[in-house]
Amino acid sequence: MARVRFTADYDYKPTRQCTIGYKAGMELTVKRDCADKAIAAGKAEEIETAGRATGGSE
């Protein structure tokens with residue numbers, strides 16, 4: 001999974017029967033395959049996740 005910001009409208013087709021449309025300006029977590037294809041097409045940029053810190057002790 002990857003967190004991305006879509007910079008332009010993008011249609012992701014995970015299968016021939018399915019299309020998922022993303023609008024410019026949306027920021028959300030998508031499958032890595034979707035993120036890679038959208039970034040390669042110049043329609044999205046990966047952003048940092050604002051998740052919790054993992055592991056370690058202080």
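- Here the side chains of E27 and V4 are not in contact, with every heavy-atom distance at 4.5 Å or above.
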Let me have the donor-acceptor pairs involving side chains of residues 31-38, under 3.5 Å, with sequence neighbours excluded, atom names and distances please.
from	atom 1	to	atom 2	distance (Å)
R32	NH1	D36	OD1	3.4
R32	NH1	E46	OE1	3.4
R32	NH2	E46	OE2	3.2
D33	OD2	Y12	OH	2.8
D33	OD2	K37	NZ	3.4

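- Residue pairs meeting the ring-ring contact (aromatic ring centres under 6.0 Å, His included) criterion with at least one member in residues 30-49, sequence neighbours excluded, do not occur.
- With a 4.5 Å cut-off on side-chain heavy atoms, E45 and T7 count as touching.
- A distance of 4.5 Å separates OG1 of T29 from CZ of R3, quoted to the nearest 0.5 Å.
- I47 and V30 fall into different hydrophobic clusters, where Ile, Leu, Val, Met, Phe, Trp and Tyr side chains are chained together by heavy-atom contacts under 4.5 Å.
- Scanning both residues, D9 and K23, for their nearest heavy atoms gives OD1-CA, 3.4 Å.
- The two atoms that bring K13 and T19 nearest to each other are NZ-OG1, 3.1 Å, heavy atoms only.
- Nearest heavy atoms, I20 versus P14: CD1-CG, 4.2 Å.
- Sorted by first and then second residue, the pairs that involve residues 14-45 and meet ring-ring contact (aromatic ring centres under 6.0 Å, His included), not counting sequence neighbours, are F6-Y22.
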